[in-house]
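In what follows, a single structure is set out as structure tokens and then discussed.
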Amino acid sequence: MSFTIPRTQKAAVVSTAGAKIEIKTDHPVKTQAELAPGECLVKLECTGVCHTDLHAALGDWPVAANTPLIGGHEGVGIIVAIGNNTSHCPVKLGDRVGIKWLADSCLNCEHCRKGREQNCPEAKLSGFTVDGTFAQYVVSYVNHVTPIPEGFDSNAAASILCAGVTTYRAIKYSNTAAGDWIVLPGAGGGLGHLAVQYARTRGLRVIAIDTGAAKKKLCLSLGAEAWIDFKESKDIVKEIKAHTGGEGAHAAVVTATSGAGYQQAVSYLRAGGTLMAVGLPGTATFDSSIFFTVFKSINIHGSYVGNRQDAVEALDIAARGDVKCHFELKELGDLASTYEGMQNGTVAGRVVLNMKD
Ligand code: 8ID
Ligand code: ZN
């Protein structure tokens with residue numbers, strides 16, 4: 001099998017943090033000979049747009065992205081070249097694979113050995129420290145690309161690679177069992193609407209928190225049992241306690257991009273409850289009562305994307321139809337307006353960009 005690889009491609013490039021996105025049509029594509037051992041070239045079919053890409057483009061995090069930057073880390077495409085001298089290669093030319101945030105890790109350090117590959121000191125991050133999927137071709141790494149299950153539509157699979165993997169893992173480690181209550185602040189967004197569904201696959205009872213009619217409709221249609229509009233509610237803690245028979249929820253997975261989404265979590269969790277921190281406001285801190293964190297035996301965990309196994313598990317569940325990404329398909333030229341929509345809170349679910357043409 002061989003593929004014709006053009007010398008140039010269309011790509012969305014951000015020259016420095018905070019700069020406007022430029023759609024270039026003459027961005028170079030690496031040749032097969034230029035790929036290092038372990039690298040592969042993937043021709044993209046589509047890519048999701050995650051709020052992390054917006055943080056990276058704005059430069060509003062305490063860690064900086066490499067610039068000039070091609071963002072994007074929810075890609076699906078076909079492997080069209082593999083670097084010479086790649087040994088024990090788990091993929092082959094023509095395979096359909098996914099590109100996730102964690103592009104590569106050493107697989108040998110303590111963190112990798114313990115399955116926390118995302119904390120590897122040598123981690124390469126798609127669309128952040130290495131060029132990502134807002135281009136027709138992306139260089140990725142044979143050990144970390146994720147096989148896409150046969151028959152699973154690429155556009156539907158794309159956002160599972162970040163939004164899906166991340167929420168799947170956060171819920172997996174949320175110390176919950178079927179019948180437990182889980183609160184999801186940010187439930188109407190890209191991560192949140194998948195969190196509602198992964199929670200339902202585990203038999204959890206979902207209280208969705210977000211704002212606006214479209215997100216309310218989406219969350220309730222996906223199986224949330226209760227809805228709280230954070231802009232309208234006078235007392236979120238009281239409402240959650242009322243829904244949960246007075247005791248509060250067993251867990252919360254916060255995917256809100258603002259610190260406000262975290263503020264009351266310790267108050268609305270029941271004793272023994274678990275807060276999974278996922279949303280990444282760059283500078284916010286959150287206050288919680290030390291006394292009640294201890295007195296109620298509250299667990300607080302940071303949950304950062306997922307490892308290769310989480311990716312396989314999250315995709316498998318979605319490929320079988322138990323979790324569906326609710327997305328609008330757009331073109332690469334729509335990236336800037338998609339970021340605007342995310343900033344204004346008007347994107348319910350996800351935007352996926354078609355990269356085929
Ligand atoms: O590994 C990770 N931890 C990880 C992986 C991927 C993404 C973390 N993230 C981070 C992103 O960088 C971002 O900070 O998760 C956050 C959410 O990403 P997203 O789901 O892609 O963003 P979105 O689609 O804009 O959804 C965010 C939702 O939060 C709501 C908004 O209305 C929106 O629907 N929201 C906000 I802003 N404040 C809220 C509040 N106080 C709130 N919902 C409830 N309460
Ligand atoms: Zn992401």
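Counting convention: from 1, in listed order, for ligands and their atoms alike.
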Flag Val305 as yes when one of its N or O atoms lies below 3.5 Å from any N or O atom of ligand 1, and as no otherwise.
yes

Can you find a non-hydrogen atom of Trp61 under 4.0 Å from ligand 1?
yes

Report the nearest protein non-hydrogen atom to atom 20 (O) of ligand 1: residue, atom name, distance rounded to 0.1 Å.
Leu191 N, 2.8 Å

Identify, by atom number and element, the atoms of ligand 1 in contact range of Gly261, meaning under 4.0 Å from any of its heavy atoms.
40 (C), 41 (N)

Identify, for atom 4 (C) of ligand 1, the protein heavy atom at the shortest distance, and state residue, atom and that distance.
Thr166 CG2, 3.7 Å

At the Zn ion (ligand 2), SG of Cys162 and SG of Cys50 open up to roughly (10° bins) 130°

Measure the distance from atom 15 (O) of ligand 1 to every protein heavy atom, then report the residue, atom name and distance (to 0.1 Å) of the closest one.
Gly279 CA, 3.5 Å

With a cut-off of 2.8 Å, does His51 place any N/O/S atom under that distance from the Zn ion (ligand 2)?
no

Please identify which atoms of ligand 1 are closer than 4.0 Å to at least one heavy atom of His51.
13 (C), 18 (O), 19 (P), 21 (O), 22 (O), 23 (P), 25 (O)

Proximal atoms of ligand 1 relative to Gly186 (non-hydrogen, under 4.0 Å)
28 (C), 29 (O), 30 (C), 43 (N), 44 (C)

contact_flag Ala163 ligand 1 heavy-atom lt 4.0 Å
no

Does an N or O from Val278, backbone or side chain, lie closer than 3.5 Å to an N or O of ligand 1?
yes

Can you get from Leu280 to Leu125 by hopping between Ile, Leu, Val, Met, Phe, Trp and Tyr side chains that sit under 4.5 Å apart?
yes

So, taking the atom named NZ in Lys216 and the one named CG in Asp229, what distance separates them when rounded to the nearest 0.5 Å?
8.5 Å

Just jot down the ligand 1 atoms closer than 4.0 angstrom to any heavy atom of Thr255, in number order.
16 (C), 17 (C), 27 (C)

Within ligand 1, which atoms have a heavy atom of Cys162 less than 4.0 Å away?
5 (C), 6 (C)

Report the name of the N/O/S atom of His73 located nearest to the Zn ion (ligand 2).
NE2

So if I count the atoms of ligand 1 from 1 in the order they appear, which ones are less than 4.0 Å from some heavy atom of Gly189?
24 (O), 26 (O), 34 (O)

Answer yes if Val42 and Leu332 sit in the same cluster of Ile, Leu, Val, Met, Phe, Trp and Tyr residues linked by side chain heavy atoms under 4.5 Å apart, and no otherwise.
yes

Arg169: which of Gln118, Glu313, Met276 passes side chain to side chain contact (heavy atoms under 4.5 Å, CB included):
Gln118

When only distance counts, is Ala260 in polar contact with ligand 1, meaning an N/O pair under 3.5 Å?
no

Does Ile99 belong to the same Ile/Leu/Val/Met/Phe/Trp/Tyr cluster as Val76, with side-chain heavy atoms less than 4.5 Å apart forming each link?
no

Check: Leu93 and Ile82 side chains under 4.5 Å, non-hydrogen atoms
yes

May I ask whether Arg350 places a heavy atom under 4.0 Å from ligand 1?
yes

Nearest protein heavy-atom contact for atom 9 (N) of ligand 1: which residue, which atom, what distance?
Thr52 OG1, 3.7 Å

Does even one non-hydrogen atom of Ile209 get within less than 4.0 Å of ligand 1?
yes

Judging by distance only, is a nitrogen or oxygen of Cys50 under 3.5 angstrom from one on ligand 1?
no

Are side-chain heavy atoms of Ile207 and Thr244 found at a separation under 4.5 Å?
yes

Residue Glu122 excluded, over 12 heavy atoms near CD under 6.0 Å:
no

Specify the protein heavy atom at minimum distance from atom 32 (O) of ligand 1: its residue, its atom name, and the distance to 0.1 Å.
Asp210 OD1, 2.6 Å

Does Lys324 offer a backbone N or O that forms a donor-acceptor pair with the side chain of Gln197 under 3.5 Å?
yes

Do you see a donor-acceptor pair shorter than 3.5 Å between the side chains of Asn175 and Thr274?
yes

Side-chain contact test, heavy atoms from C-beta onward, threshold under 4.5 Å: evaluate it for Lys356 versus Lys43 and give yes or no.
no

At a non-hydrogen distance cut-off of under 4.0 Å, which region of Tyr304 contacts ligand 1 (side chain, backbone, both, or neither)?
both

Looking only at distance, does Pro281 have an N or O less than 3.5 Å from an N or O of ligand 1?
no

Of the protein's non-hydrogen atoms, which lies at the shortest distance from atom 42 (C) of ligand 1, and what is that distance?
Phe230 CE2, 3.3 Å

Are the side chains of Arg202 and Lys172 in contact, using a 4.5 Å heavy-atom criterion?
yes

Closest heavy-atom contact between Pro90 and Val142?
CG-O, 3.3 Å

What do you reckon, does Gly345 put a non-hydrogen atom under 4.0 Å from ligand 1?
no

Do Ile228 and Leu184 belong together in a cluster built from hydrophobic side chains that touch within less than 4.5 Å?
no

Hey, any chance Phe327 and Leu222 share a hydrophobic cluster, counting ILVMFWY side chains that come within less than 4.5 Å of each other, even indirectly?
no

Any idea which protein heavy atom is nearest atom 24 (O) of ligand 1, and the distance to it?
Gly190 N, 2.9 Å

In the structure I gave you, are the side-chain heavy atoms of Glu117 and Leu107 within less than 4.5 Å of one another anywhere?
yes

Please report which non-hydrogen protein atom sits nearest to atom 13 (C) of ligand 1, along with the residue it belongs to and the distance in Å to one decimal place.
Thr257 CG2, 3.3 Å

